Amino acid sequence: MKRLTVWLVLAAGASCAEPPKTAQMDQAISGLAHLHTWHPTGQGRGQYGYDAVIGRVPEIFPFLVDHLLDETPTAIFDRETARNPTVSDACFLILLHLLNKPWQEFSDCGVFVSTVLPNPIFCIKWDGLESRVRVQRKFRAL
């Protein structure tokens, strides 16, 4: 009888396994693609995708760094520049904000944030994929 009880407890526990953390974190970050507005200081607060990411700090940091290569466009659109920022742009600004780092610390990696427009999400310029990889390496070293 004891064996049967132990077996049933083990079987029940195996069927209710929690999804892997990687999948949860990647899903939260992929929600950044649904952001429709970005505030210069408040960022994406109040939007599900942003709040889902911020709610997982600090364990989500390495996943944000991984998504610096994610060029999926967000739903944010600027009529003046006719540009949709990408998930990587949002990840970069979130990382800077959470780690309290100025973007200038990453300028040697090939990223530039202009001040032409009042909203930084529209002002990020990358020097190609290599610059994203260099920024990624620098964040991993922090």
Side-chain angles (χ1 to χ4, degrees), residues 3-142:
R3 283 187 180 163
L4 180 60
T5 304
V6 170
W7 185 81
L8 288 174
V9 169
L10 290 174
S15 66
C16 297
E18 184 177 338
K21 287 285 184 193
T22 302
Q24 292 176 11
M25 299 301 170
D26 286 337
Q27 182 179 14
I29 293 172
S30 69
L32 293 175
H34 302 289
L35 295 177
H36 53 85
T37 59
W38 190 268
H39 188 270
T41 56
Q43 298 190 327
R45 283 190 190 105
Q47 297 174 73
Y48 179 78
Y50 181 86
D51 293 342
V53 168
I54 297 300
R56 289 177 169 83
V57 169
E59 64 185 341
I60 202 163
F61 282 131
F63 299 94
L64 282 167
V65 173
D66 288 345
H67 281 270
L68 287 170
L69 304 178
D70 188 345
E71 294 190 39
T72 305
T74 63
I76 304 167
F77 183 74
D78 180 54
R79 290 184 185 144
E80 291 180 35
T81 61
R83 181 171 185 261
N84 286 85
T86 62
V87 168
S88 66
D89 295 335
C91 288
F92 180 64
L93 291 177
I94 291 169
L95 284 164
L96 291 178
H97 173 74
L98 293 175
L99 297 172
N100 200 26
K101 299 282 184 190
W103 71 265
Q104 290 88 345
E105 285 190 29
F106 299 88
S107 63
D108 61 332
C109 297
V111 64
F112 177 76
V113 181
S114 171
T115 56
V116 172
L117 297 172
N119 196 333
I121 194 84
F122 300 114
C123 299
I124 300 172
K125 303 294 180 211
W126 299 91
D127 288 340
L129 179 62
E130 300 81 27
S131 66
R132 293 174 193 265
V133 171
R134 287 191 297 270
V135 168
Q136 200 176 46
R137 265 189 249 133
K138 193 164 187 169
F139 270 117
R140 284 192 176 125
L142 293 177

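We count residues from 1, following the sequence as given. Predicted, not measured: the structure shown is a model, and the values here were computed from it.
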(request) Check the surroundings of atom CD in Gln104: do more than 12 heavy atoms from other residues, nucleotides or ligands lie under 6.0 Å from it? (result)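 Buried by this count: over 12 neighbours within 6.0 Å.
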(request) Answer yes or no: are there more than 12 heavy-atom neighbours, outside Phe77 itself, under 6.0 Å from its atom CZ? (result)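 More than 12 heavy atoms, drawn from other residues, nucleotides or ligands, come within 6.0 Å of this atom.
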Do the side chains of [Y] and [X] get nearer than 4.5 Å, heavy atoms only?
{"X": "Val113", "Y": "Phe92", "answer": "yes"}
{"X": "Ile124", "Y": "Leu93", "answer": "yes"}
{"X": "Leu32", "Y": "Cys91", "answer": "yes"}
{"X": "Lys101", "Y": "Leu142", "answer": "yes"}

Which atom names give the shortest non-hydrogen contact between [X] and [Y], and what distance separates them?
{"X": "Pro73", "Y": "Asn84", "result": "CB-CB, 4.1 Å"}
{"X": "Met25", "Y": "Ile60", "result": "SD-CG1, 3.8 Å"}
{"X": "Pro62", "Y": "Glu59", "result": "CD-O, 3.5 Å"}
{"X": "Ser88", "Y": "Leu68", "result": "CB-O, 3.1 Å"}
{"X": "Leu98", "Y": "Val57", "result": "CD1-CG2, 3.6 Å"}
{"X": "Val65", "Y": "Phe139", "result": "CG2-CB, 3.7 Å"}

(request) Check each of Asp70, Val87, Leu99, Ile94 against Leu64 using the side-chain contact (heavy atoms from CB on, under 4.5 Å) test, and report the only one that passes. (result)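 Between Leu64 and the candidates, side-chain contact (heavy atoms from CB on, under 4.5 Å) is satisfied uniquely by Ile94.
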(message) Given Ser131, which partner from the list Trp126, Phe112, Phe106 fulfils the side-chain contact (heavy atoms from CB on, under 4.5 Å) test?
(response)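 One option only clears the test, and that one is Trp126.
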(request) Go through the steps to decide whether Glu105 and Val111 satisfy the test side chain to side chain contact (heavy atoms under 4.5 Å, CB included), and finish with yes or no. (result) CA-CA 10 Å; Glu105 285 190 29; Val111 64; over 6 Å; no
(request) Determine, for Lys138 against Asp108, whether the closest basic-nitrogen to carboxylate-oxygen distance falls under 4.0 angstrom. (result)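 Looking at Asp108 together with Lys138, the answer is yes, because their closest N to O distance falls below 4.0 Å.
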(message) Between His34 and Gln47, does the side chain to side chain contact (heavy atoms under 4.5 Å, CB included) criterion hold? Intermediate values first, please.
(response) CA-CA 9 Å; His34 302 289; Gln47 297 174 73; over 6 Å; no
Rounded to the nearest 0.5 Å, how far does [atom2] of [Y] lie from [atom1] of [X]?
{"X": "Asp51", "Y": "Arg56", "atom1": "CG", "atom2": "CZ", "answer": "11.0 Å"}
{"X": "Asp89", "Y": "Glu71", "atom1": "CG", "atom2": "CD", "answer": "9.0 Å"}
{"X": "Cys109", "Y": "Trp103", "atom1": "SG", "atom2": "CH2", "answer": "11.5 Å"}

(message) Can you confirm whether the side chains of His39 and Thr41 place a donor and an acceptor under 3.5 Å from each other?
(response)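 Judged by distance alone, the side chains do pair up.
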(request) Carefully, step by step, assess Ile76 and Phe122 under the rule side chain to side chain contact (heavy atoms under 4.5 Å, CB included). (result) CA-CA 9 Å; Ile76 304 167; Phe122 300 114; 3.4 Å; yes
(request) Kindly indicate, with the supporting measurements, whether the criterion side chain to side chain contact (heavy atoms under 4.5 Å, CB included) is fulfilled by Gln136 and Arg132. (result) CA-CA 6 Å; Gln136 200 176 46; Arg132 293 174 193 265; over 6 Å; no
